[in-house]
Amino acid sequence: MTPTHYSSVQKFLHWAIALLIFGLVPVAITMTNIGEGELQNRLFELHKSVGLTVLALALARILVRAARGAPGLVEGLPAWQRTAARTSHMALYGLIVLVPVLGWAGTSACCAPVAWFGLLSVTLPISGGMPVGERILSVHVVAAFLLVAVVLVHIGAALHHHFVRRDPTLRRMLPGTGTP
Ligand code: HEM
Ligand code: HEM
């Protein structure tokens, strides 16, 4: 049966992933631009570990979504907006898995070892060294900026629902709001 609201686990995962990605992108841009040194190394390690955390949360989120479903879109939306909402949600789910997997695979090939916060060694067995790693990482960067672009449209849509259409779309994703 289609649920009438998002569960608190779904809301937690939505906002946790959003916050981590909002942190990851500026860290990524800084780490690739500040030049070599101790700070750059630390930012790379932070980016990789937080990125892997996003991957774990994204997989958990997709499992919860598959098991529980999600409330239908609000009533009265034109067909193109329904299609845009469904397509962009699918794209977001795909990209929050694809982007970290590409980062993980590229780093494993070029610059092993990959260790999650220095605690857990999770290097993938990918051969080919620097040339393969660099190629995978260049796709990682393009996919990451595509994710940023889709997120910006997604935020615009959420604000449009809230302030222009004045419907419950944003409210029902906020913590503490239950069945409408
Ligand atoms: C959702 C998760 C992730 C997001 C949103 C993300 C985002 C980004 C962005 C925007 C850049 C480009 C920075 C720039 O060129 O200015 C970047 C670069 C990079 N990311 Fe990620 N990343 C994620 C996960 C990961 C993971 C899991 C790893 C590795 C375990 C990783 C490794 C790297 C590396 C090594 C670079 C530098 C690539 C280069 O030198 O051109 N990323 N990331
Ligand atoms: C990296 C950041 C974000 C990602 C990856 C993301 C991803 C998603 C995904 C995949 C869904 C679909 C949920 C489902 O059907 O199971 C969703 C729903 C939603 N998101 Fe985000 N989101 C992000 C940030 C934001 C932000 C900043 C806002 C608010 C300004 C927001 C507002 C919403 C709302 C209101 C919904 C519910 C839509 C509905 O019920 O029809 N999201 N988000």
Side-chain angles (χ1 to χ4, degrees), residues 2-7 10-11 13-34 40 43-58 61-62 64-66 68-74 77 81-82 84-116 122-124 130 133-163 167-174 177 180:
T2 309
T4 53
H5 62 283
Y6 289 103
S7 69
Q10 282 175 305
K11 291 178 193 174
L13 289 170
H14 175 271
W15 293 110
I17 290 170
L19 281 177
L20 293 179
I21 289 177
F22 291 144
L24 269 176
V25 174
V27 166
I29 293 172
T30 310
M31 79 193 184
T32 50
N33 287 292
I34 54 167
Q40 186 188 51
L43 291 178
F44 262 101
E45 289 313 314
L46 181 68
H47 178 78
K48 284 151 51 179
S49 296
V50 174
L52 289 171
T53 309
V54 168
L55 176 60
L57 294 177
R61 184 171 172 192
I62 287 168
V64 176
R65 175 66 157 83
R68 185 181 183 275
L73 298 172
V74 290
L77 290 181
Q81 284 185 18
R82 305 184 76 77
R86 288 202 191 96
T87 313
S88 58
H89 291 170
M90 290 284 284
L92 288 168
Y93 275 127
L95 286 165
I96 56 177
V97 172
L98 183 71
V99 169
V101 164
L102 287 167
W104 187 9
T107 316
S108 297
C110 79
C111 325
V114 183
W116 185 74
V122 288
T123 312
L124 295 172
M130 198 53 108
E134 276 182 350
R135 221 171 293 164
I136 300 175
L137 283 174
S138 62
V139 186
H140 167 68
V141 174
V142 172
F145 283 115
L146 180 64
L147 171 62
V148 170
V150 181
V151 167
L152 291 178
V153 174
H154 178 68
I155 294 174
L159 297 179
H160 178 82
H161 276 285
H162 194 68
F163 291 109
D167 67 29
T169 302
L170 178 57
R171 278 196 303 278
R172 71 186 188 174
M173 189 47 103
L174 296 178
T177 50

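Counting starts at 1 for both ligands and their atoms, following the listed order. Numbers here simply count residues along the sequence, with the first being 1.
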Numbering as shown, the atoms of ligand 2 that approach Leu73 to under 4.0 Å (heavy-atom distance): 41 (O)
Heavy atom of the protein closest to atom 9 (C) of ligand 1 (residue, atom name, distance): Ala28 CB, 3.5 Å
Heavy-atom nearest neighbour in the protein, as seen from atom 1 (C) of ligand 2, with distance rounded to 0.1 Å: Val151 CG2, 3.6 Å
Test item: Leu170 and Phe163 side chains (from C-beta on) under 4.5 Å apart, heavy atoms: no
Option of least heavy-atom distance to atom 26 (C) of ligand 2 (set: Tyr93, Phe22, Trp15): Trp15
His89 near atom 21 (Fe) of ligand 2 via N/O/S, less than 2.8 Å: no
Ligand 2 contact on Leu95 by region, counting heavy-atom pairs under 4.0 Å: neither
Side-chain donor or acceptor of Thr32 paired with backbone N/O of Ile29 under 3.5 Å: yes
Neighbour count >12 (heavy atoms, 6.0 Å) for atom CZ, Arg135: no
Per-atom contacts of ligand 2 with Ile21, taking only distances under 4.0 Å to non-hydrogen atoms: 1 (C)
Side chain proximity check, Leu137 to Leu102, heavy atoms < 4.5 angstrom: no
Residue and atom name of the nearest protein heavy atom (relative to atom 37 (C) of ligand 2), distance in Å to one decimal: Tyr6 OH, 3.6 Å
Minimal non-hydrogen separation, Pro168 against Val74, with atom names: CD-CG1, 4.0 Å
Ligand 1 N/O within reach of Thr32 N/O, cut-off under 3.5 Å: yes
Atom 41 (O) of ligand 2 - nearest protein heavy atom and its distance: Arg172 NH2, 3.1 Å
Donor-acceptor contact below 3.5 Å, side chain Lys11 vs main chain Met173: no
Metal-centred angle, atom 21 (Fe) of ligand 1 as apex - NE2 of His140, NE2 of His47, 10° resolution: 180°
Exercise: identify the closest heavy-atom pair between Ile96 and Arg61: CD1-NH1, 4.2 Å
Heavy atom of Ile17, distance to ligand 2 below 4.0 Å: no
Minimum non-hydrogen distance to atom 20 (N) of ligand 2, winning option of Met173, His154, Arg86: His154
Shortest protein contact, atom 4 (C) of ligand 1 (heavy atom only): Val99 CG1, 3.6 Å
Minimum-distance protein heavy atom relative to atom 10 (C) of ligand 1: Ala144 CB, 3.6 Å
Option with minimal heavy-atom separation from atom 5 (C) of ligand 2, where the choices are Ile96, Leu24, Ile155, Val25: Ile96
Min heavy-atom dist Met31 to ligand 1 below 4.0 Å: yes
Thr169 N/O to ligand 2 N/O under 3.5 Å: no
Side chains of Leu77 and His161 in contact at under 4.5 Å (non-hydrogen atoms): yes
Heavy-atom side-chain contact between Tyr6 and His14 under 4.5 Å: no
Check: Trp104 side chain, Val122 main-chain N or O, donor-acceptor pair, under 3.5 Å: yes
Gln10 touching ligand 2 at heavy-atom level, < 4.0 angstrom: no
Ile29 and ligand 1 - part of the residue with a heavy-atom distance under 4.0 Å: both
N/O separation below 3.5 Å, His14 to ligand 2: yes
Heavy-atom check, side chain of Ser108 versus side chain of Thr123, under 4.5 Å: yes
Closest to atom 14 (C) of ligand 2 among His5, Arg65, Arg61, Lys11 (heavy-atom distance): Arg65
Close side-chain approach of Gln40 and Ile34, heavy atoms under 4.5 Å: yes
Proximity of Pro100 to ligand 1 by residue part, where a heavy atom lies under 4.0 Å: both
